[in-house]
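The structure displayed is predicted, hence computed values, not measured ones. A note on names: the letters A, B, ... follow the listed sequences, proteins ahead of strands, and every chain is numbered from 1.
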2 protein chains.
Amino acid sequence: MLRHFKAEFFKTLGHPTRIRILDALRDGELTVGDLQQRLKAEQSAVSQHLAALRSRDFVHARRVGTSVWYSVADAAIWELLDIARDIYERQLSSNRAMFEALQ
Amino acid sequence: MLRHFKAEFFKTLGHPTRIRILDALRDGELTVGDLQQRLKAEQSAVSQHLAALRSRDFVHARRVGTSVWYSVADAAIWELLDIARDIYERQLSSNRAMFEALQ
DNA sequence: CATGAATATTCGAATATCATAATGTAGCCT
DNA sequence: AGGCTACATTATGATATTCGAATATTCATG
């Protein structure tokens with residue numbers, strides 16, 4: 001049942017904080033503390049969302065001393081985010097065109 | 001807040017039935033009845049999932065007589081599904097390699 | 001080995017999602 | 001108008017997610 005995988009896959013992407021984490025990791029590896037600061041989110045929340053991303057192999061974790069560095073496991077994940085943005089923008093302009101046609 | 005959009009966007013993809021609907025529509029326009037049959041799902045469920053896909057502009061609906069034909073609004077949506085599959089397969093083979101290394 | 005720093009996990013209540021069942025609506029056809 | 005077909009919507013109980021608080025773990029250092 002590959003469909004279930006795909007659904008779980010996308011469901012994991014279906015949270016603003018997790019999207020923000022992945023976007024932040026475009027710049028390279030970051031620690032949990034870095035992510036907390038950038039996202040201005042609770043420690044627990046960041047850690048829980050990272051756990052979700054880890055369990056689906058969206059990110060890799062690398063321990064150095066007491067801190068853990070996270071990175072995106074597969075660069076194709078950013079392709080997904082970019083295609084999503086493209087679709088969004090096409091929707092926007094199509095809606096705008098429809099709106100203007102009604103004027 | 002574009003992140004929220006992206007999250008909602010992916011959340012909409014985060015259900016097996018909705019993935020199956022989008023995959024079924026690769027062959028072209030289908031009516032709700034067609035989809036019911038192909039997915040062997042309840043009428044209400046199909047209709048509700050279509051409503052979810054409609055609300056996010058994943059699909060277009062076109063009424064002809066008493067039936068409604070659905071189609072995918074933006075072909076880039078299949079790109080998303082395909083990239084997701086690619087990532088999945090890479091994960092699989094990476095896990096397999098790791099497993100074999102442990103033998 | 002006691003302490004502190006960084007991160008993870010567990011717990012609980014609030015909220016969201018889902019499936020099923022029931023009801024509503026819109027367009028034929030006679 | 002009345003009935004039928006094809007969909008859509010609403011209601012409701014069950015399950016899943018999410019957040020913040022509390023607690024636990026892991027590692028370095030004195």
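- Among the nucleotides dA21(D), dA26(C), dC18(C), the one closest to the side chain of E42(A) is dA21(D).
- Residue S47(A) has a polar side-chain atom (N or O) positioned under 4.0 Å from OP1 or OP2 of dA8(C).
- If you take CD of E29(B) and P of dA6(D), they are 17 Å apart, rounded to a whole angstrom.
- The nearest heavy atom of DNA chain D to Q48(B) and to V64(A) marks one nucleotide each, and the one closer to the 5' end goes with Q48(B).
- Dashed line: the shortest gap from a side-chain N or O of H49(A) to OP1 or OP2 of dA8(C) is not under 4.0 Å.
- Side chains of Q91(B) and D74(A) form no contact here, defined as non-hydrogen atoms less than 4.5 Å apart.
- Nucleotide dT7(C) holds its P atom 11 Å from the CG atom of L30(A), rounded to whole Å.
- Taking the side chain of L50(A) as heavy atoms from C-beta on, and the options dA8(C), dA8(D), dA6(C), the nearest nucleotide is dA8(C).
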Go through D23(B) and R20(B) one step at a time and tell me if the salt bridge (Lys or Arg N to Asp or Glu O under 4.0 Å) criterion holds. CA-CA 5 Å; D23(B) 271 334; R20(B) 299 216 297 147; over 6 Å; no

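- Distance, I21(B) CD1 to dC7(D) P: 13 Å, rounded to whole Å.
- Remark: P of dT7(C) and CD of Q37(A) are 10 Å apart, rounded to the nearest angstrom.
- Between D27(B) and R38(B) there is a salt bridge, since at least one side-chain N of the basic residue sits less than 4.0 Å from a carboxylate O of the acidic one.
- When all heavy atoms of A41(B) and V46(B) are compared, the closest pair comes out as CB-CG2, 3.8 Å.
- Counting only heavy atoms from C-beta on, R54(A) has its side chain closest to dA8(C) among dA8(C), dA6(C), dT17(C).
- In this model, the phosphate group of dA6(D) is not approached by any side-chain N or O of Y70(B) to a distance below 4.0 Å at OP1 or OP2.
- Looking at Q43(A), its side chain comes within 3.5 Å of the base of dA8(C) through a donor and an acceptor atom.
- Atom pair L35(A):CG and dA8(C):C1' shows a separation of 15 Å (rounding to whole Å applied).
- Taking only side-chain atoms of V68(B), from C-beta outward, the nucleotide of dA8(D), dA19(C), dT26(D) with the closest atom is dA8(D).
- Under 3.5 Å, the side chain of S44(B) and the base of dT9(D) form at least one donor-acceptor pair of N or O atoms.
- No side-chain heavy atom of D82(B) sits less than 4.5 Å from a side-chain heavy atom of E79(B).
- Spacing between atom CZ of R62(B) and atom P of dC7(D) amounts to 12 Å, rounded to whole angstrom units.
- At the heavy-atom level, S67(A) lies under 4.0 Å from the strands shown only through sugar-phosphate atoms.
- A sub-4.0 Å separation between OP1 or OP2 of dC18(C) and a side-chain N or O of R18(B) is present.
- The nearest whole Å value for the distance from the NE2 atom in H4(A) to the C1' atom in dA16(D) is 14 Å.
- Of the candidates dA6(C), dT5(D), dT17(D), the closest approach to any side-chain atom of K11(A) belongs to dT17(D).
- A straight line from CD of E8(A) to P of dT17(C) spans 15 Å, rounded to a whole angstrom.
- Summarising the geometry of V68(A) relative to A61(A), their closest heavy-atom pair is CG1-CB, 3.8 Å, with the distance given to 0.1 Å.
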